[in-house]
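Heads up, the thing below is written out as structure tokens.
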Amino acid sequence: MLSQLVVTHLRDATRPDLLAATQTLGLLYPLLRAADPQLYTHLLSLDEPALEVPFFALSWHLTWFAHDVADLNQICRLFDLFLASHPLMPLYLAAVAVKSCRQAVFACGSDGPAVYAALKGLKVLSPSGPGADALARDAAALYRAVPPSALRYLDLGQAVTPDAYLVQGLWKVPAQPLDRTQGIKAARATILRLRATFLPQLRGSSPGARRKRRSAAVVAVLSSLTSIAALGAAILLIQGQRAWPGPV
């Protein structure tokens with residue numbers, strides 16, 4: 001099992017250096033922003049160098065919390081979750097774990113070093129806090145709200161874990177980072193094609209022709225392969241309605 005994990009879930013954590021693991025760890029802040037915007041804004045406002053990268057969570061990320069949780073039953077529950085989930089799931093759980101301890105962070109006020117110390121000393125799965133199952137439910141909900149596909153266009157450097165994909169029910173992780181610029185280029189090309197196809201022909205068209213063109217645009221939106229292209233096509237539709245008012 002370990003030989004399989006080091007080329008899938010733990011690929012970034014088992015490279016010769018910690019660069020890729022650190023870059024993956026940086027995704028904790030975008031997830032925290034979604035989980036607890038107020039706490040995220042507070043951490044950002046501190047301008048504390050020690051918090052630029054969430055190194056306080058590095059051991060959580062590298063060891064799946066095993067280094068910080070003494071209760072074997074609790075850590076086994078987390079391992080069940082991580083083994084069955086996307087390789088980024090430990091970061092989702094880290095985000096909800098930080099959220100669960102928000103009072104301890106806010107109690108430090110604007111003292112950046114004290115906030116870092118509080119985060120570094122967080123007792124995940126302490127008897128007074130939420131258990132493994134509760135954190136797992138919250139992490140799964142955050143995963144549904146912010147899937148890994150929403151994080152791939154961030155500056156991920158050499159990290160490959162966000163590019164994990166399923167093959168016959170098993171998670172695979174590429175050995176090298178994917179060329180994430182290709183998706184953006186394809187989306188831009190699609191938007192340009194939609195603009196060239198629909199907008200010029202709306203000018204001076206009869207109401208019936210405009211109706212047909214907009215219907216075709218809707219089909220293009222629904223059949224678009226990328227969310228960015230779909231959004232762009234929707235914007236074009238709105239612009240077309242504003243530019244050529246009247247019954248359709």
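Values reported hereafter were calculated over all heavy atoms of this structure, with side chains retained and with hydrogens, waters and symmetry mates removed. We number each residue from 1, following the sequence as shown. Since the model is a prediction, treat every value here as computed from it, not as a measurement.
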For D133, give me all partners under side-chain hydrogen bond (donor to acceptor under 3.5 Å, both in side chains), at least two apart in sequence or on another chain.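 Expected list: R77.
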Interatomic spacing from [atom1] in [X] to [atom2] in [Y] - rounded to 0.5 Å:
| X | Y | atom1 | atom2 | result |
| --- | --- | --- | --- | --- |
| H61 | L18 | NE2 | CG | 9.0 Å |
| L5 | T8 | CG | OG1 | 5.0 Å |
| S110 | D47 | OG | CG | 12.0 Å |
| D163 | D12 | CG | CG | 9.0 Å |
| L119 | E48 | CG | CD | 10.5 Å |

Look at the rings of W171 and H86 and say which category their plane angle falls in: under 30° parallel, 30 to 60° tilted, over 60° perpendicular. perpendicular
So, for [X] and [Y], which heavy atoms are closest and what is the spacing to 0.1 Å?
| X | Y | value |
| --- | --- | --- |
| G109 | L46 | O-CD2, 4.0 Å |
| S3 | V6 | O-CG2, 3.2 Å |
| A21 | L62 | CB-CD2, 4.0 Å |
| A159 | P177 | O-CB, 4.2 Å |
| V7 | R11 | O-NH2, 2.9 Å |
| A139 | M89 | CB-SD, 3.9 Å |

Between Y92 (side chain only) and V146 (backbone N and O only), is there a donor and an acceptor less than 3.5 Å apart?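 Yes; at least one donor-acceptor contact below 3.5 Å.
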Is it the case that the side chain of H9 and the backbone of Q4 share a donor-acceptor pair, with hydrogens and angles ignored and the cut-off at 3.5 Å?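 No; judged by distance alone, with no hydrogens or angles, the pair does not exist.
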Does CG in D17 sit with more than 12 non-hydrogen atoms of other residues, nucleotides or ligands closer than 6.0 Å? yes
Min side-chain heavy-atom separation [X]-[Y] under 4.5 Å:
| X | Y | answer |
| --- | --- | --- |
| L93 | F65 | yes |
| T24 | L156 | no |
| V98 | W60 | yes |
| L135 | L81 | no |
| L44 | Y29 | no |

Please say yes or no: joined through hydrophobic side-chain contacts below 4.5 Å, possibly via intermediate residues, are L125 and L72 part of one cluster? yes
From L91, L88, V173, residue fulfilling side chain to side chain contact (heavy atoms under 4.5 Å, CB included) relative to P162: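 Running side chain to side chain contact (heavy atoms under 4.5 Å, CB included) over L91, L88, V173 with P162 returns exactly one hit, L88.
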Not counting sequence neighbours, list each pair that qualifies as a salt bridge (charged side-chain N to carboxylate O under 4.0 Å, His left out) and has a residue in residues 83-106.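 The answer is D36-R102.
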Taking the six-membered ring where the residue is Trp, are the ring centres of W64 and F79 under 6.0 Å apart? yes
